[in-house]
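Counting convention: from 1, in listed order, for ligands and their atoms alike. For the single chain, residues carry numbers from 1 onward in sequence order.
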Amino acid sequence: MNKKYFEHIVHGGDYNPDQWLKTPEIIDEDMRLMKLANVNSATVGIFAWSAIEPREGEYHFEWFDTVLDKMAENGIDAILATPSGARPAWLAEKYPEVLRVNENGIRNEYGIRHNHCLTSPVYREKVREINRLLAERYKDHPAVKMWHISNEYSGECHCELCQQKFREWLKEYYHNDIEELNDAWWNGFWSHKLTDFSSINSPKDRGENHVVALKLCWKRFTSEQHISFLENEIAPLREITPDIPITTNYMRLYDGIDYQKMAEHLDIVSWDDYPYWDRGNNDYACCENAFNHDLFRSMKGGQPFFMMESTPSIVNWHNVNKIPRPGRTELAAMQAIAHGADSIQYFQWRKSRGSHEKFHGAVVDHCGHENTRVFREITKLGKNISKLSELTGKGYSSKVAIVLDWENMWATKFFCGYNNLKREYAKKCISWYAPFFKNGIPADIIPMDADFSEYKLVIAPFLYMLKDGTEERIKNYVANGGTFVGTYLTGVVDKNDLCFLKGLPAGELKDVFGIWAEETDSLPEGMENSAEFGGKSYSVRDMCDIIHSTDAKVLGTYEKDFYAGEPAVTENEYGNGKAYYVAFVSDDDFNSAFCKKLIEETGLKSDADFEIPAGVDVRRRGELLFILNFAPGETEILLDKEYEDFISGAKVSGKTVVPECGYLLLR
Ligand code: GLA
Ligand code: ZN
């Protein structure tokens, strides 16, 4: 879980000198301003293809050489981007196959970004070629410290090349046996039996869009195409620059790519962090943001990750772009570091003058000088994070895990039945994460195929789909002493969305939980049931299983409807461990009360030996204790002992006030 690539916390962001080549004095000014802002890194070359190769085979690396040389002279590290996220017009005109085809079979025109076929051999070759040239030219350049591959991979393509590839993919997945696919997809239904793989197309509204197994396979395929596109991009880089680490920037819980799988192909996981601050509910925003950080930290076994983008002020793509409170950027940056980030980076260093993102926040505004609130904030933040070098490379893992799995995210979205309006898989995972977050207990976020054995407690909300082997792994985990929590609709279908027969939850999970789930009720908006647990009544909304205890101890029961008095929360001893079943969509209140019991039983430790007020994130990383105040107004902490304030060096103890948007870094 420890992996060190940099000696200091990387501070910088997306930098596009390619937009300012006609005003070289601005590039010189950037160097002065970067040093002034305590910025030590800049990500260059994202979307720079037309500046590097304006016509096919005509390369202009001079400007790039100059910029990188200047960066090296000024002590600014370069994170070198590959330009595949957008392409020059000539490329699309000469090789139309590189453009994406939408689900209606219409090829996009040239424009926007991404917009490329994931399969096109021409595009893959062109990308490999330009990446090879970049690697060869800059392999020994002193400024270059890391590769940033493309930018926010996303989307899908329905062209004939992709359809062909999809059919090949299916052939492999189903062992070249169409009857195996027919069985797996239950194709006897509606007379869908196929005789050949060639009949299959990508799912779409005007074609097949009801077969969940097809939709799951298309997601898996598209995700794997992104990964193979990445592998194609990095092949020349691994060959020419084997020592330069590779990353690509993720977008939160973007569901088009199985990020957990893609992480295996990267040295460092990076993500672009744009929370909705100051919209009236920072409590939720700070918990959700913490969850995301922990998700990305967990992707490489607790290893530090990069926060590759964030805005130093506003974005331009919310409906209404509110300026976050002064201090918010620094507080959010400290939260990222506390949760394992080795970088604080911005989109963007300098605001572009024209086109789509000219009103997106940047460290350097259109006025072009340093006398702005934002510039001053970034400068102060840069100074403070420059003191945190001792943390770089230090990751950590936790003793409690929440299972969030990309394939289950797809499956819980696609099936038709029960409550078709309220699924919100990721939100449910966050709601189960929240009690640990509020108590200062770090949690890992892991896929269902991760190793459970190191955890004292594993909570798998809404684990509707079980991949091959998952049932066995849960069973072994509990038998060997683990504590496992399942909820409503657990273990309902296999990876093909085929329902398990002989009672739910699947197979031997019935013994593990000591229950049988017979029916699932769905509650329309505005209708509620309730469940009694520990002497209190908690609301039951959206969906709930009607279960029977076969062996389990009943800890809570429903209070209304024809299933009043039936079990809603159960506990079962199995082997050396315990399995709990929470049969309904529970809210934050229930999860808090229930997790309090779990925390006590499993002996999970908080990072704080003091009471944590609402809206405060407490996290230990290395020797440092971060206390981050996201609450409205100042907050008071009663410290358990004397600490040293890491920034000021002062001694602090007892009652300590943390200002609004403020934080303490204690040793
Ligand atoms: C994304 C992209 C950037 C930029 C920002 C704007 O994260 O990677 O290129 O468009 O959004 O917020
Ligand atoms: Zn395609």
Side-chain angles (χ1 to χ4, degrees), residues 12-16 18-19 42-49 79 81-87 92 95-108 112-124 127 148-169 201-202 204 218 221-222 224-226 228-229 232 247-254 256-257 270-277 292 306-319 321 324 329 332 345-352 355-363:
D14 282 26
Y15 176 42
N16 294 99
D18 41 304
Q19 293 173 14
T43 310
V44 277
I46 311 177
F47 308 130
W49 201 330
I79 297 179
T82 66
S84 70
R87 64 220 44 82
Y95 309 100
E97 70 162 59
V98 308
L99 291 175
R100 217 163 254 191
V101 169
N102 72 16
E103 65 155 57
N104 285 318
I106 298 169
R107 196 174 290 282
N108 289 350
I112 58 165
R113 53 183 166 172
H114 309 299
N115 198 9
H116 60 264
C117 172
L118 298 170
T119 307
S120 160
V122 172
Y123 196 53
R124 286 185 176 218
V127 168
H148 173 295
I149 306 303
S150 198
N151 193 67
E152 293 189 339
Y153 283 126
S154 59
E156 54 189 44
C157 175
H158 297 257
C159 79
E160 203 36 52
L161 292 168
C162 288
Q163 305 288 353
Q164 282 302 345
K165 203 72 196 169
F166 180 44
R167 291 174 201 129
E168 281 166 31
W169 185 94
N201 290 310
S202 56
K204 51 178 67 79
W218 175 250
F221 163 74
T222 304
E224 286 180 26
Q225 279 296 88
H226 278 291
S228 97
F229 192 91
N232 172 74
T247 191
T248 189
N249 48 343
Y250 286 176
M251 296 180 280
R252 276 191 282 193
L253 290 164
Y254 171 67
I257 302 172
S270 302
W271 79 289
D272 297 344
D273 183 12
Y274 295 98
Y276 284 72
W277 296 127
N292 288 331
F306 266 41
M307 184 173 82
M308 187 52 86
E309 289 182 28
S310 60
T311 176
S313 59
I314 50 175
V315 297
N316 67 338
W317 47 266
H318 288 169
N319 287 338
N321 296 289
T329 308
Q345 291 160 281
Y346 312 106
F347 180 85
Q348 50 196 330
W349 166 253
R350 179 184 282 275
K351 252 182 204 178
S352 50
S355 208
H356 183 61
E357 290 182 326
K358 60 182 173 297
F359 298 127
H360 193 291
V363 181

| request: Would you check, one step at a time, whether the test side-chain hydrogen bond (donor to acceptor under 3.5 Å, both in side chains) holds for Gln225 with Trp169? | output: CA-CA 10 Å; Gln225 279 296 88; Trp169 185 94; over 6 Å; no
Are [X] and [Y] packed together at the side-chain level, in the sense that at least one heavy-atom pair is separated by less than 4.5 angstrom?
X: Asn115; Y: Arg87; value: yes
X: Asn321; Y: Phe359; value: no
X: Tyr95; Y: Tyr123; value: no
X: Trp49; Y: Val127; value: yes
X: Tyr254; Y: Glu152; value: no

| query | Which protein N, O or S atoms lie under 2.8 Å from the Zn ion (ligand 2), given by chain and residue number? | reply | Cys117 SG, Cys157 SG, Cys159 SG, Cys162 SG
| Should the proximity of Gln348 to ligand 1, defined as any heavy atom under 4.0 Å, be assigned to the side chain, the backbone, both, or neither? |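 Neither; nothing of Gln348 gets under 4.0 Å from ligand 1.
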| Where does Arg252 meet ligand 1, judged by heavy-atom distances below 4.0 Å: at the side chain, the backbone, both, or neither? |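 The answer is neither; Arg252 stays 4.0 Å or more away.
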Identify the closest protein heavy atom to [atom]: which residue and atom is it, and at what distance?
atom: atom 4 (C) of ligand 1; answer: Glu357 OE2, 3.2 Å
atom: atom 6 (C) of ligand 1; answer: His360 NE2, 3.2 Å
atom: atom 11 (O) of ligand 1; answer: Glu309 OE1, 3.7 Å

| Contact (N/O only, under 3.5 Å) between Asp14 and ligand 1 | no
| N or O contact, Asn316 vs ligand 1, cut-off under 3.5 Å |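 No; every N/O pair is 3.5 Å or more apart.
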| query | Taking NZ, NE, NH1 and NH2 as the nitrogens, is one of them in Glu160 or Arg167 under 4.0 Å from a carboxylate oxygen of the other? | reply | yes
| task | With sequence neighbours excluded, tell me which residues meet ring pair (Phe, Tyr, Trp, His ring centres under 6.0 Å) with Tyr274. | result | Trp317
Taking only heavy atoms of [X], which atoms of ligand 1 are found under 4.0 Å from at least one of them?
X: Phe47; result: 9 (O)
X: Asn151; result: 2 (C), 8 (O), 9 (O)
X: Glu152; result: 1 (C), 2 (C), 7 (O), 8 (O)

| Plane angle bin for His226 and Tyr153 - parallel if under 30°, tilted between 30 and 60°, otherwise perpendicular |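 Tilted: the ring planes of Tyr153 and His226 meet at 30° to 60°.
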| Option from Glu156, Glu103, Gln163 for which side chain to side chain donor-acceptor pair (under 3.5 Å) with Ser202 holds |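 It is Gln163, the one option of Glu156, Glu103, Gln163 that forms the side chain to side chain donor-acceptor pair (under 3.5 Å) with Ser202.
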| said: Contact between ligand 1 and Arg113 is defined here as a heavy atom of the residue under 4.0 Å from a ligand atom; is it met? | reply: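 Contact check Arg113 vs ligand 1: positive.
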| Would you say the side chains of Glu357 and Ser352 form a donor-acceptor pair under 3.5 Å? |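 Side chains of Glu357 and Ser352: no pair found under 3.5 Å.
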